[in-house]
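Report on one structure; see the data block that follows.
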4 protein chains.
Amino acid sequence: MAGSVNKVILIGNVGADPEIRRTQDGRPIANLRIATSETWRDRNSGERREKTEWHTVVVFNEGLCKVVEQYVKKGAKLYIEGQLQTRKWQDQQGQDRYSTEVVLQGFGSTLTMLDGRGEGGGASGRGSAGGGNDYGDDYGAPAPSSSPSRGGGGGSNFSRDLDDDIPF
Amino acid sequence: MAGSVNKVILIGNVGADPEIRRTQDGRPIANLRIATSETWRDRNSGERREKTEWHTVVVFNEGLCKVVEQYVKKGAKLYIEGQLQTRKWQDQQGQDRYSTEVVLQGFGSTLTMLDGRGEGGGASGRGSAGGGNDYGDDYGAPAPSSSPSRGGGGGSNFSRDLDDDIPF
Amino acid sequence: MAGSVNKVILIGNVGADPEIRRTQDGRPIANLRIATSETWRDRNSGERREKTEWHTVVVFNEGLCKVVEQYVKKGAKLYIEGQLQTRKWQDQQGQDRYSTEVVLQGFGSTLTMLDGRGEGGGASGRGSAGGGNDYGDDYGAPAPSSSPSRGGGGGSNFSRDLDDDIPF
Amino acid sequence: MAGSVNKVILIGNVGADPEIRRTQDGRPIANLRIATSETWRDRNSGERREKTEWHTVVVFNEGLCKVVEQYVKKGAKLYIEGQLQTRKWQDQQGQDRYSTEVVLQGFGSTLTMLDGRGEGGGASGRGSAGGGNDYGDDYGAPAPSSSPSRGGGGGSNFSRDLDDDIPF
DNA sequence: TTTT
DNA sequence: TTTT
């Protein structure tokens, strides 16, 4: 479909240290749980109320996974830009189940640390994405804020991620 | 949590005529299924490939529900701005299940028709939201593009929606 | 025009303490300068490079102006959601000049503090916008994160701001 | 600055056929004027009012420039995702002037046609950006919806665009 | 200068 | 289940 947009923007806090798994062919996948919350004052009682929403974020991009692995800890405040994706799976009873996740994978996906933790000596913006690979040519301090690399090394992660049916 | 953002932006097509239900106290809730899709060219085969993602959109705002009811039909192209929300429910076996939806409810939620269908004589932007109610003071043709009303009549839909545990 | 979107999202740091002015009829207007920056590694030299962009942000909303006045100081990190607006003015030679600003005024505009400074005892999200006025019914600590109020008191700021030709 | 975001999202109509210029070294730059507008009903008079905002959009990305050149005509409805950028220039009196533009250049920039005009036989989403070049490997119908290519041919446009001081 |  |  021409003219389609699927974008999620979150600013929230990481609920637990991220898990990093690997596909059979060695590519990393990071899983994050991020909380966003709203507070408001109840019209009747005047009490302050809060509602927290938990989001599952899945990072397929190799460069962003490195950032997650090195810098993102429980409690970190992140800016996330990704896409909504619902995947189907079977539970133990063989029933179809669906899980919706915020996926950071291809073009336009970003993860930025907002609380300045873990910065190993240098700031980095998305501009660092200008090279073929955000991190491979980065011999100095790694980048705590970054965008996915594309077209690096043996081909784009993006198209392969869509082609393969990665078991996750 | 101060400093939290939970935002979803979609541009896609409606998969079926919307369903409008009502809560016990008469407020409307509209359900939409929206498809977004990406196409790309496979690196190896050179073939064009496509992946469609389906999103469930739930509209709690009364004014937006009217717009949905009157103008949104199967096939319509929409711009949606809402929030991610996951709700828990029990299946027939009594097991916990979770569904993630794009909710249009409070501040910042928008729904805009992008294909010009169904426009009953007048355009309307989000500026129409300046009044106490987007539609109540709209003596002419209703607005196919709009933002939620707030503070109208007997209280904010928003806080009541969050307070009540609406069975949907 | 039906189907129009004009949205700016910034995360950056405030360059100087904000200025608050007032219109003839007493409504506040806050001006902020916000810096965003990108860093990247030069492909040839391998050096890290940085480019900073400065944005002028104008806050018309009364509630958001209070937040700015009380909490936003030089150096604060903010999340801003507003609209692009270009206004025409005459310089001293009588020549037409144009200035483009990020305006926080009506529906969908937000300002959120991301560094936790200035929080006077309670967090507040956009949910607080559910009432007729975000701050007037806020008997406790004011909210450092908020969305514009609408429809409060003597009418909507939004429509009046658009109707009036405020000299700013 | 770690943790910086500079994003503009527009949906609007193109006011005139785009202009395409070239830098000394042959790279294309497209200029677009895009109108967004809001309509609302005046609180007092009840009249419908409209305000149109004009945006200058500058496309540096080579692939997106091709799309603009081939498909974007006066009147087209576009979705644009870019960055705010203010550049300084001197007028004929030697005075400093500033122009703020929405720049489509590097990571995260997108241009999508929303009205289906000009589509030469095949849809293309941002997924097409998975390859080294969005258009170079596209021997079939060109893509009316696309994302910038990166890392194609003799280096990233992005870093060179930032390095060079392109006279535009 | 667009669009509705 | 949409759209191209």
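Quick note on labels: first sequence line is chain A, next is B, and so on, each numbered from 1.
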Which one, F/dT1, E/dT3, E/dT1, comes nearest to the side chain of D/Trp54? E/dT1

Within this structure, what is the CG-to-C1' distance between D/Asp17 and E/dT2, rounded to whole angstrom? 12 Å

Starting the side chain at C-beta, find the nucleotide from E/dT3, F/dT3, F/dT1 nearest to B/Ser37. F/dT3

Output the single nucleotide from F/dT1, E/dT1, F/dT4 whose closest atom is nearest the side chain of B/Arg33. F/dT1

Give the rounded distance in Å between these two atoms: NZ of B/Lys51 and C1' of F/dT1. 16 Å

To the nearest Å, how far apart are B/Asn13 CG and F/dT1 C1'? 11 Å

Rounded to the nearest angstrom, tell me the gap between atom CD in D/Glu53 and atom C1' in E/dT1. 14 Å

Look at the side chain of D/Thr52 and the base of E/dT2, then say whether one donor and one acceptor between them are separated by less than 3.5 Å. yes

What distance separates B/Asn13 CG from A/Ser4 OG, expressed to the nearest 0.5 Å? 7.0 Å

Please determine whether the number of non-hydrogen atoms from other residues, nucleotides or ligands lying under 6.0 Å from atom CD of B/Gln90 exceeds 12. yes

Listed partners of D/Asp91 passing salt bridge (Lys or Arg N to Asp or Glu O under 4.0 Å), at least two apart: D/Arg97

B/His55 NE2 - F/dT1 P separation (whole Å): 17 Å

Quick one: B/Ile34 CD1 to F/dT2 P, roughly how many Å, whole number? 14 Å

Could you tell me how far apart B/Asp115 (CG) and E/dT4 (P) are, to the nearest whole angstrom? 11 Å

Side chain of D/Glu50 - closest among F/dT2, E/dT1, E/dT4: E/dT4

note: D/Lys77, atom NZ; E/dT2, atom P; distance rounded to Å ~ 15 Å

Electrostatic pair A/Asp96-A/Lys88, nearest N-O below 4.0 angstrom: yes

